[in-house]
Amino acid sequence: QVQLVESGGGLVQAGGSLRLSCASSGRAFSVYAMGWFRQAPGKEREFVAAISWSGDNTYYADSVKGRFTISRDNAKNTVYLQMNSLKPEDTAVYYCAATLVRSASSWYNPLRYNYWGQGTQVTVSS
């Protein structure tokens, strides 16, 4: 069993930055690929970013590419999402998730993740 706990959300003005953290406990963190997803009210949960178990490979949704950076520290069992140049349309609950699936093409699909955090609210004001 893996427990994931997100932190770092909050209210920020457009153009600002936030750094989300996701701390993991339980089984060996480094065996999991990690992803960040978000869900706005009335919308489906959407992929934001993913990172391989070693941290060597990262993937981003087109809507955040160049503004968001995913990273991980396996020694600290933590994955991060640095969010810069935030826009009002980035407002959502952000979730981190862990997957044992090895195919990177599957990491865009929330159904391929085994464990989820409880989410952290990010609100960007205009």
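Just so it is clear, the structure is predicted and the values come from calculations on it, not from any experiment. Numbers here simply count residues along the sequence, with the first being 1.
In this structure a side-chain-to-backbone donor-acceptor pair under 3.5 Å is present from Asn114 to Leu100. For Thr91 (side chain) and Thr123 (main-chain N/O), no donor-acceptor pair under 3.5 Å exists by modelled atom type. A side-chain donor-acceptor contact under 3.5 Å links Asp90 to the backbone of Lys87. In this structure a side-chain-to-backbone donor-acceptor pair under 3.5 Å is missing from Ser52 to Ala33. Between the side chain of Thr78 and the backbone N or O of Lys76, at least one donor-acceptor pair lies under 3.5 Å.
Side chain to side chain, Ser25 and Gln3 meet the donor-acceptor criterion of an N or O pair below 3.5 Å. Under 3.5 Å, the side chains of Ser17 and Asn84 contain a donor-acceptor pair of N or O atoms.
The minimum heavy-atom distance linking Ala50 with Tyr113 is given by the pair CB-OH, 4.0 Å.
Contact annotation: the side chain of Val79 approaches that of Ile51 to within less than 4.5 Å [non-hydrogen atoms, C-beta and beyond]. Looking at heavy atoms from C-beta onward, Val122 lies in side-chain contact with Met83 at the 4.5 angstrom threshold.
At least one test fails for Arg102 against the ring of Trp107: distance under 6.0 Å to the centre or angle within 45° of the axis. Stacking of Arg45 on the aromatic ring of Tyr95 is recorded, both the 6.0 Å distance cut-off and the 45° axial limit being met.
Taken to the nearest 0.5 Å, the OG atom of Ser30 stands 11.0 Å off from the CH2 atom of Trp53. Distance check, rounded to the nearest 0.5 Å: CE of Met34 to CD1 of Ile70 gives 7.5 Å. To the nearest 0.5 Å, atoms CD (Glu6) and SG (Cys22) are separated by 5.0 Å. Taking OH of Tyr80 as the reference point, atom OG of Ser7 lies at 9.0 Å (rounded to 0.5 Å). In this structure, OH in Tyr32 is found 11.0 Å from CZ in Arg72, a value given to the nearest 0.5 Å. Taking CZ of Arg38 as the start and NZ of Lys43 as the end, the distance is 8.5 Å to the nearest 0.5 Å.
Residue Phe68 is tested with Leu18, Leu81, Thr58, Leu20 for a side chain to side chain contact (heavy atoms under 4.5 Å, CB included); the sole match is Leu81. For the pairing with Phe47, the side chain to side chain contact (heavy atoms under 4.5 Å, CB included) check across Tyr108, Tyr60, Trp36 returns one residue only, Tyr108.
Counting heavy atoms of neighbouring residues, nucleotides and ligands inside a 6.0 Å radius, atom CZ of Arg112 does not exceed 12 of them.
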